[in-house]
Amino acid sequence: TSAQIGVTGLAVMGRNLARNFARNGYTVAVHNRTVARTKALVEEFGSEGDFIGTETAEEFVAALERPRRLVIMVKAGGPTDAVIEEFAPLLEPGDMIIDGGNAHFADTRRREKALREQGIHFVGMGVSGGEEGALHGPSIMPGGPKESYDSLGPMLEKISAKAKDGAPCVTHVGPDGAGHFVKMVHNGIEYADMQLIGEAYQLLRDVAGYSPAEIAEIFRTWNQGRLDSYLIEITAEVLSHVDAATGKPFVDVVVDQAEQKGTGRWTVQIALDLGVPVSGIAEAVFARSLSGHAGLREASQGLAGPKAAPLGKEEAAAFADRVEQALYASKIVSYTQGFHEIAAGSEEYGWDVDLGAVSAIWRGGCIIRAAFLDRIRAAYDARADLPSLLSDETFAREIADAQDDWREVVIAGVRQGVPTPGFSAALAYYDALRASRLPAALTQGQRDFFGAHTYRRVDREGAFHTLWGGDRSEVSA
Ligand code: NDP
């Protein structure tokens, strides 16, 4: 027998993805650099389906039916290149290499181009949902040549998560690096979502005076409404968890220094290159970075802050409702920014990404899965060329309803000295977008003054310069 798909790289992700394929009735060839992992997989889970355990690259490739579909699930970066170099010479034109790791989309573009010259289809495939998702159904974001999706797509649709309406959470995102780009922005949005939730928690704790257990209940209530999402759900679980060793809330015994693996940082770096203002995502990445500067924070412990003035019980309940509004409005803004980045990437690289389809495949399986994504999908269904999510009538109305509370929450944070970089950045973005005039006019004047950089006028076409050092008359530039 030959395998319909092969997976090489059998750490948590690859192992679970291989099991997912097998559980769905596919014969799966498995391979790993360290053979012990392959053996362990077949021994432990062999009864779940048809696995072909292989030890060498040659054996692995020989086990695959043609055209071959070979999934790589190894550490991103150098290891991915090493594995491609090992397998590519063994493949034939028409075969497919599918990289399910968290590759940088620029690497994916480079690899796709190189392999295309050998006639090999290279599919950069974003996978979200962690190890549980890989096993039970992830959200899958494949890029690469469209024709590869004809034979690969149905298999991915089978193993993917399904949205509540039954639709598989996978689509052909676009050529070459489009899939990994979208996965990158997914992770950036995930950072922003987590940061906003963190700010909501801190405000409920320090401004409203609630305990972690009480805040868990508040999140549970929110999870019944429009904020219904995986991240809100697990937040309630984490906040209600009590440390067995000390009897304290778990959240109080964890070192408050957030780590990161890099996809959030990439999202911001690429946004800077593309000139897309993803301020909410950037603040989320910086907030993690700041938290990790232990020495700097230690040295700053004596700095002055406002006197704490916690709210009374009734005020606290009303404040919690406001925080929900602020969180929801800020979330709309971070998705607005993330989708702007995808649109800009799509434009830059000619990917023709369908933004509605992207929101649809994030509805299940992935970390940011949420009822909210149905609304984004509806917004793009109503108007595919929506300039921004904020241009959607429903979102605009919801923000209009939320904005007073949103402002009050940011003010309360400022007054009490509770940092809200995410809420504040989102609000500043919103206010800047809707402003009829921005101080950018002054910036242009300053630039023209010190560097003769010229400016455009509101009333006439052309570029102009004022003779600042002379009689201050204006000349055409
Ligand atoms: P790791 O990222 O920890 O990678 C371990 C695997 O890579 C092992 O199979 C290891 O083989 C193999 N490997 C490392 N270096 C080489 C090399 N030079 N040559 C051949 N094989 C090598 O595993 P994960 O399962 O956590 O992740 C796999 C991929 O999926 C990564 O790209 C990750 O970013 C991505 N991903 C992970 C998610 C997660 O939640 N963990 C979620 C979504 C994507 P060996 O056993 O021989 O050491």
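In what follows, every heavy atom counts, from backbone to side chain, and hydrogens, waters and symmetry copies are set aside. Since the model is a prediction, treat every value here as computed from it, not as a measurement.
Remark: the backbone N or O of Leu327 is not paired with any side-chain donor or acceptor of Ser330 at under 3.5 angstrom. A donor-acceptor contact shorter than 3.5 Å links the side chain of Lys162 to the backbone of Lys158. Of the possible donor and acceptor atoms, one in the side chain of Ser391 sits under 3.5 Å from a partner among the backbone N and O of Ser388. Put simply, the side chain of His180 gets close to the backbone of Gly101: a donor and an acceptor are under 3.5 Å apart. One N or O on the side chain of Glu199 and one on the backbone of Gly422 form a donor-acceptor pair closer than 3.5 Å. In this structure, the side chain of Asp176 does not engage the main chain of Gly144 through any donor-acceptor pair within 3.5 Å. The main-chain N or O of Arg37 is never found under 3.5 Å from a side-chain atom of Asn32 such that the two would form a donor-acceptor pair. Between the side chain of Thr56 and the backbone N or O of Glu59, at least one donor-acceptor pair lies under 3.5 Å. With Thr171 contributing its side chain and Ala357 its backbone, the two residues share no donor-acceptor pair below 3.5 Å. With hydrogens and angles ignored, the 3.5 Å screen pairs no side-chain donor or acceptor of Ser148 with any backbone N or O of Lys146.
Between Val278 and Ala271, the shortest heavy-atom distance links the atoms CG2-CB, 3.3 Å. Residue Ala3 comes nearest to Ala29 through the heavy atom pair CB-N, 3.5 Å, listed as atom of the first residue, atom of the second, then distance. Closest approach of Arg220 and Ser240 over heavy atoms only: NH2-OG, 3.1 Å. Nearest approach of Leu41 to Arg15, heavy atoms of both residues: CD1-CG, 3.4 Å. The nearest pair of heavy atoms linking Gln260 to Ser289 is NE2-N, 4.1 Å. Between Gly94 and Pro67 the shortest heavy-atom distance is O-CB, 3.3 Å.
No side-chain donor-acceptor contact under 3.5 Å links His31 and Thr54. Between the side chains of Tyr201 and Arg205, at least one donor N or O sits under 3.5 Å from an acceptor N or O. When only modelled atom types and interatomic distance are considered, Ser279 and Gln337 share a side-chain donor-acceptor pair under 3.5 Å. With 3.5 Å as the limit, one finds no donor-acceptor pair spanning the side chains of Asp50 and Tyr26. In this structure, a donor-acceptor pair under 3.5 Å is absent between the side chains of Asn16 and Asn20. With hydrogens and angles left out, the side-chain atoms of Lys261 and Asn102 include no donor and acceptor closer than 3.5 Å. For the residue pair Arg447/Thr454, the side-chain donor-acceptor check at 3.5 Å is not satisfied.
In this structure the side chain of Trp351 reaches within 4.5 angstrom of the side chain of Phe105, judged on heavy atoms. Leu17 is listed as a side-chain neighbour of Val71, based on a closest heavy-atom distance under 4.5 Å. Taking 4.5 Å as the limit, every side-chain heavy atom of Arg265 sits out of range of all side-chain heavy atoms of Met184. Between Asp99 and Met73 the shortest side-chain heavy-atom distance does not fall below 4.5 Å. Within the 4.5 Å cutoff, no side-chain heavy atoms of Arg369 are placed close to those of Ser139. Looking at Trp222 and Asp228, their side chains never come closer than 4.5 Å, going by heavy atoms from C-beta outward. A 4.5 Å side-chain heavy-atom check between Gln257 and Arg288 finds every atom pair outside the cut-off. Counting heavy atoms from C-beta on, the side chains of Met141 and Ile361 come closer than 4.5 Å.
The number of heavy atoms from other shown groups lying within 6.0 Å of NZ (Lys39) does not exceed 12. Heavy atoms from other residues, nucleotides or ligands lying under 6.0 Å from CD of Glu347 number 12 at most. Under a cut-off of 6.0 angstrom, the local environment of CZ in Phe286 is sparse, with at most 12 non-hydrogen atoms contributed by other residues, nucleotides or ligands. The number of heavy-atom neighbours closer than 6.0 Å to CG of Asp352, taken from other residues, nucleotides and ligands shown, is 12 or below. Other residues, nucleotides and ligands contribute over 12 non-hydrogen atoms within 6.0 Å of the CZ atom of Arg297. For Tyr230, the OH atom is loosely surrounded, since the number of other residues' heavy atoms within 6.0 Å does not exceed 12.
For the side-chain contact (heavy atoms from CB on, under 4.5 Å) test, residues two or more places apart in sequence or in another chain that qualify with Phe395 are Tyr328, Ile332, Phe372, Arg375, Ile376, Ala379, Leu389, Asp392, Glu398.
Put simply, OH on Tyr430 and OG1 on Thr336 are 10.5 Å apart, with the number rounded to the nearest 0.5 Å. Expressed to the nearest 0.5 Å, how far CD1 of Ile189 lies from OG1 of Thr263 amounts to 12.0 Å. Between atom CZ of residue Arg19 and atom CD1 of residue Ile159 there is a gap of 13.0 Å, rounded to the nearest 0.5 Å.
Aromatic pair Phe181/His104: centroids not less than 6.0 angstrom apart. With ring centers used as reference points, His241 lies under 6.0 Å from Phe250. A distance below 6.0 Å separates the ring centres of Phe339 and Tyr380. For Trp266 and Tyr191, the gap between ring centers reaches or exceeds 6.0 Å.
For the side chain to side chain contact (heavy atoms under 4.5 Å, CB included) criterion with Ile5, the lone passing option out of Leu64, Leu152, Thr27, Leu70 is Leu152.
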Review point. Stepwise, does the side-chain contact (heavy atoms from CB on, under 4.5 Å) test hold for Trp406 with Ile399?
Key: CA-CA 9 Å; Trp406 190 10; Ile399 289 210; 3.9 Å; yes
Check your understanding: So Arg110 and Asp107, salt bridge (Lys or Arg N to Asp or Glu O under 4.0 Å) or not? Walk me through it.
Key -> CA-CA 5 Å; Arg110 165 177 61 78; Asp107 286 337; 3.3 Å; yes
Exercise for review: Go through Arg363 and Asp165 one step at a time and tell me if the salt bridge (Lys or Arg N to Asp or Glu O under 4.0 Å) criterion holds.
Suggested key: CA-CA 10 Å; Arg363 293 179 302 161; Asp165 64 6; 3.2 Å; yes
Review point. Passes side-chain contact (heavy atoms from CB on, under 4.5 Å), Leu204 versus Val323? Steps please.
Key: CA-CA 8 Å; Leu204 291 171; Val323 174; 4.2 Å; yes
Practice item. In sequence, state the C-alpha distance, the side-chain angles, and the governing distance for Val185 and Asn187, and then conclude on side-chain contact (heavy atoms from CB on, under 4.5 Å). Key: CA-CA 5 Å; Val185 176; Asn187 285 26; over 6 Å; no
Check your understanding: Can you list the steps and then say if Ile120 with Met96 is a side-chain contact (heavy atoms from CB on, under 4.5 Å)?
Key -> CA-CA 6 Å; Ile120 296 170; Met96 263 171 253; over 6 Å; no
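A cation-pi arrangement is absent between Arg111 and Phe122, since the terminal nitrogen or guanidinium carbon is not both under 6.0 Å from the aromatic centre and inside a 45° cone about the axis.
Using the six-membered ring where Trp is involved, Tyr149 and His172 have ring planes that are tilted, between 30° and 60° apart.
Between Arg69 and Asp95 there is no salt bridge, since no side-chain N of the basic residue sits under 4.0 Å from a carboxylate O of the acidic one.
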